[in-house]
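To keep things clear, I will list the structure first and then write my remarks on it.
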2 protein chains.
Amino acid sequence: MDTPTASLLARSSTRSPAWDPRWDALFGLPRLSEAERQALALLLRSRAVAVGESVFRRGQASLQLVAVLEGAVGLGVATQGQAFHLERNIHGPAWLDISSAWAGGMFVQDAQALQTATVLELPLDGLRQLLGRCPDLCERMMCALAHAVQSLTGTTHDLMAKDAQKRLATWLLSRRSEASGGDVALKERKRELAAQLAITPETLSRLLRSLMSAGLIEVKGYSIKLLNLGALQSLAHD
Amino acid sequence: MDTPTASLLARSSTRSPAWDPRWDALFGLPRLSEAERQALALLLRSRAVAVGESVFRRGQASLQLVAVLEGAVGLGVATQGQAFHLERNIHGPAWLDISSAWAGGMFVQDAQALQTATVLELPLDGLRQLLGRCPDLCERMMCALAHAVQSLTGTTHDLMAKDAQKRLATWLLSRRSEASGGDVALKERKRELAAQLAITPETLSRLLRSLMSAGLIEVKGYSIKLLNLGALQSLAHD
DNA sequence: CGAACCCTTGATACGCTTCAACAAGAGTGG
DNA sequence: CCACTCTTGTTGAAGCGTATCAAGGGTTCG
């Protein structure tokens, strides 16, 4: 069911290709030129991934950039046995791994589909040639990598300096600003959110309850209403 | 006292410029071509920074890439007051910030000299034009950014999945492999190492003692001898 | 010599995890 | 329809890991 839109993005349809806003999530604004879009479309391959299936494994050779077009993929490491320690949720459309192919050519994490997902792969050797011809594209990739660095820097800072409550407040506020509205709809299981915050599901449950009884939020299943933004911000702010 | 070598790197001396190995730390191997080196030398500016002095501040406009040539600079955030929460030590030669200029143009961290340092700045507008002409340099920058992503990914993983003892063991082993030898010489104060491991100096002291009484290491002031690599590796390994 | 650091050591407190039990849906098959 | 199981989230009690606070020792330096 995802394939029609996926293939729309993958191959440039012959006439009047409706602009797919998912390009923007990957390459930023302003929009790619039509020439750039078509050149990329010639390179990339997309594939569907079923729930629980592996997208790539740690140690595997990484010869392409990987993005999630639709669905959700979890990044983490598979510890001994089959347990999978989830560390990060990537919700399409977004880059899943732009760094491994450039640096060393080996994945350092495992990726596993949390929902049925459409994954896009962009071979590095083709991309490299394309970048040589398109300085504009080159700069976009640079920016994408830089944003990844900034995002990870923020994550590291939060882990080092904030306790679980602060991290939760930070996360709630960052999700609110994405879809501007009074409340946040969870797109993931609570245990996945907990993993992303580096806490246990039990602690997350307790934190949500404590924030709720403090009157800062209102939790109803997978929908959280933020009642007191100011208080949340002062909580989140170091 | 650092200035002669710094200026050697900054301006291309007219004849037989001895290759400065510090370029390799920034741009990787294989070596830059002479043309690339000279083009970069025309762009960059270097400056000396005294101990405790700020290199850049959070929120400031970031229009250039920043590297540490010599000395050490700490990355972190200045909390209210004058306290400085250290998060990362950058020991020259190494990049200090390659992402801020590309992404948003604003520093997200503070940087403060921990030792007398020589700092190198590479304005982005000039670099951008240079990258348009040199695909090779462009790829090097891409790799540098990608390595930053990988390094931060590793840090994040360690913070999420390992306890303090595991992080310390990981750090000891990673430092050993840099300068191949039986023992590790600390280039920083122990409190700075503690900050980098996201623990307090007290906990670091206790951990070192416990590893020492377990016979895994031998601590003598600022020099740590690794006595049992296998045991350390099994500790560090998730 | 005292002052300022840095590191260490001990006692205590707190945050979070772990383990175990339980409740509430969702899917399944009789 | 019911009983059954599987999954997910919740709640409580106990325990571990690390922070915090306070005190003391070793250097270096004026």
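Being a predicted model, the structure only gives us computed values, none of them experimental.
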- Item | Salt-bridge present (B:K190, B:E192; N to O < 4.0 Å) | no
- Item | Shortest non-hydrogen contact from B:S62 toward B:A101 | OG-N, 3.2 Å
- Provide the start and end nucleotides, 5' to 3', of the part of DNA chain C that has atoms under 4.0 Å from heavy atoms of chain A. C:dC16 to C:dC19
- Note on the structure: By nearest-nucleotide position on DNA chain C, the 5'-leaning member of B:R209 and B:R191 is B:R191
- Message: Test your reading of the model: is there a side-chain donor-acceptor pair from B:S213 to the backbone of B:R209, 3.5 Å cut-off?
- Response: yes
- Message: A side-chain contact here means heavy atoms from C-beta on lying under 4.5 Å apart; do B:R176 and B:L232 qualify?
- Response: no
- Task: Figure out the CZ/C1' separation between A:R189 and D:dT8, and round it to whole Å.
- Result: 7 Å
- Message: Tell me whether the rings of A:F107 and A:F56 are parallel (<30°), tilted (30 to 60°) or perpendicular (>60°).
- Response: parallel
- Rounded to the nearest angstrom, tell me the gap between atom CG in A:L193 and atom P in D:dT8. 15 Å
- Answer yes or no: are there more than 12 heavy-atom neighbours, outside B:R47 itself, under 6.0 Å from its atom CZ? yes
- Query: Hey, is B:E188 close enough to B:R175 for a salt bridge, meaning N to O under 4.0 Å?
  - Reply: yes
- Do B:I199 and B:R167 come close enough that some side-chain heavy atom pair is under 4.5 Å? yes
- Find the runs of at least 3 consecutive base pairs, i with j, i+1 with j-1 and so on, that include DNA chain C, using Watson-Crick or G-U wobble geometry with both distances under 3.5 Å. C:1-5 with D:26-30, C:7-26 with D:5-24, C:28-30 with D:1-3
- Note on the structure: For nucleotides 12-30 of chain D, 5' to 3', base contacts (B), sugar-phosphate-only contacts (S) and non-contacts (-) with protein non-hydrogen atoms under 4.0 Å give BB----SSBB---------
- Minimal heavy-atom distance between A:L235 and A:K166, with the atoms involved, is O-CG, 3.2 Å
- Trace of the side chain to side chain contact (heavy atoms under 4.5 Å, CB included) decision for B:V73 with B:L114: CA-CA 5 Å; B:V73 175; B:L114 299 173; 6.0 Å; no
